[in-house]
Amino acid sequence: MSTIAVPRVSHETLTQDLEDIFREHSRLVYRTAYSITGSWQDAEDVLQTIFVRLLERERPVEFTRSPGAYLYRAAVNASLNIVQMRKRRNVTDDVELLKVAAPEPGMDDEMRRALLEAIAQLNPRAVEILILHYEHNYSDAEIAKMLGKSRGTIAVTLYRTRARLKKLLRRPE
Amino acid sequence: MNIDAVMKKYLPSAPEERIESGTTRVLNELRRKPYVVRESLAQALAPARGFQFAWPAGIVMAVMLVSALVWRQVPPFSAAKTGGADHHSMAKSSRQQAPDPSKITFPSDVFELASVKMLSPSSEAFKAVTTEETMQAAFTGCPGGFAGRARLDPGRLTIPGLSVLTLVIIAYGHDCTLVEGGPSWARSGEYYEIQALLPPGSPAYTLQDLAKGQAPTLQRMLQNLLAERFRLVLKRELREMPVYALTVANRAKLKLSPAETIPVPANFPPPGFPAPPPLGRGQKFQLMGSEVKIFAHAISMSELVKDLRQAAGRIVVDKTELRNLFDVDLKFTPEITLPTLGTPATSPPPAIPPVPGTSLPGSPTLRLALEEQLGLKLEATKLPIEVLSIEKVERPAEN
């Protein structure tokens, strides 16, 4: 019989303040995770994992200061980890991934898969900006304000990220 | 290549209804207490690889998968590739978690030893199971409901005989109408006796916990057993279905007695039947027939919706967002004609609308009763509901 480390059954209660934060930001987390992983199961897992951790452990200062910003970053990082792990495990039969908004099978599926894999190879900070821009439709100025950076930095990062994506999609690494 | 166009066309964007159902489901899962948090599941996942996904155990496993990545391999919520210095305002978390000294090592979620035996059609056990299945179908509408003859002793689970369908329903805590597909032998007509030893340190559950789908570790053990011995492969999908949504109309009508036990009203049992003993917390009595009576002490809304499902004639979804426990004293005429032994459930003839201001004779309908007696509202709507399909199942090999 094999043994693995199983820490505990948690008895933490979902507090009202955390539930309020969940209601306010869960859609942002879900949408972000879905865009990066292309899978609604993964999006749910990311959302749940982030909040389970907040229940289980002392809340980070960054979370207390700005819950939305912290949750968004956590969503991006956790989603990227999932995609990278999926690639490492060579999981290629993700049926759901192929179904995501694909109008017809064939080239579109391949392109979508290639795009998600390319995004997973980007710097997480670049992905944050990319998803805010393309999925959440924020302008450079809005992103700059949200992330505490200059508008110029956002524009340059987006430019470089597009170039990197182009390269990755032409010649997958 | 125009990256703008590629992103717009190929970046997955979650549909609104999926976001709604996904976030609601996660919120409900977070409200469940206790929930299991694990740090490594590499071995636990292996036996259940045949499953594409399952709820709720599936999400627990998947969460564990993410947890394993996030909490063990890399710092909390930082991606594996951080890409150099970072002066972001959402600064990286500095709280690297130390290993939990109270961590206990449990065996993975598989039975220590399990024996699966097909019942012979000529055996007494087979006859008992078929009788029980007929009764179950009559009372719950499920051909394979939960079998009460199972036993859960410390360290041992004994199931005298169940169909594969019933095992799936128990293992995944699903409504029987939401598990479809599979060969006919797996749904009814072939029954398996299961004797299983639970590994030391397994959480202590009751049969009630298992019946309610609140025994996650034991359910995962059953899931793994089904995957290993029956080569079961399930697929889950969300399907938009007509359901009833249960909401709150008048919160003041919901009450909870602080007493540990409450007496059952004298008029609850039918004439000639002895009075039932007082009810403890979490216990209930339910009478089904032309009039349905439910009397319960300290139960949750999620339990109540399960009890209403049969009489309502369709799935009832808890949208009350109430997390407390309540007492229930409910009497109503069911929405459908409840079956008696050997007769299927049928829809009633179209109701004649009552004249406003007049009262109907006898018990009120379920909707009226809920509103008048408990301050709850039942609304017909369409919602995405998870359906499990049996993609593949095989008869088990010999022990």
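Each chain gets a letter, A, B and so on, in the order the sequences are listed, and its residues count up from 1.
Remark: B/E20 engages A/R27 in a salt bridge, criterion side-chain N to carboxylate O under 4.0 Å. Taking a cutoff of 4.0 Å between a charged side-chain nitrogen and a carboxylate oxygen, A/R65 and A/E62 do not qualify as a salt bridge.
Looking at B/N2, neither its backbone nor its side chain comes within 4.5 Å of chain A, counting heavy atoms on both sides. If you measure heavy-atom distances from A/L165 to chain B, the contacts under 4.5 Å come from both the backbone and the side chain. The contact between A/I119 and chain B is made entirely by side chain atoms (from C-beta outward), counting heavy-atom distances below 4.5 Å.
Across all non-hydrogen atoms, the minimal contact from A/P60 to A/Y70 is CG-OH, 3.5 Å. What you find for A/R23 and A/S26 is that their closest heavy atoms are O-OG, 4.1 Å.
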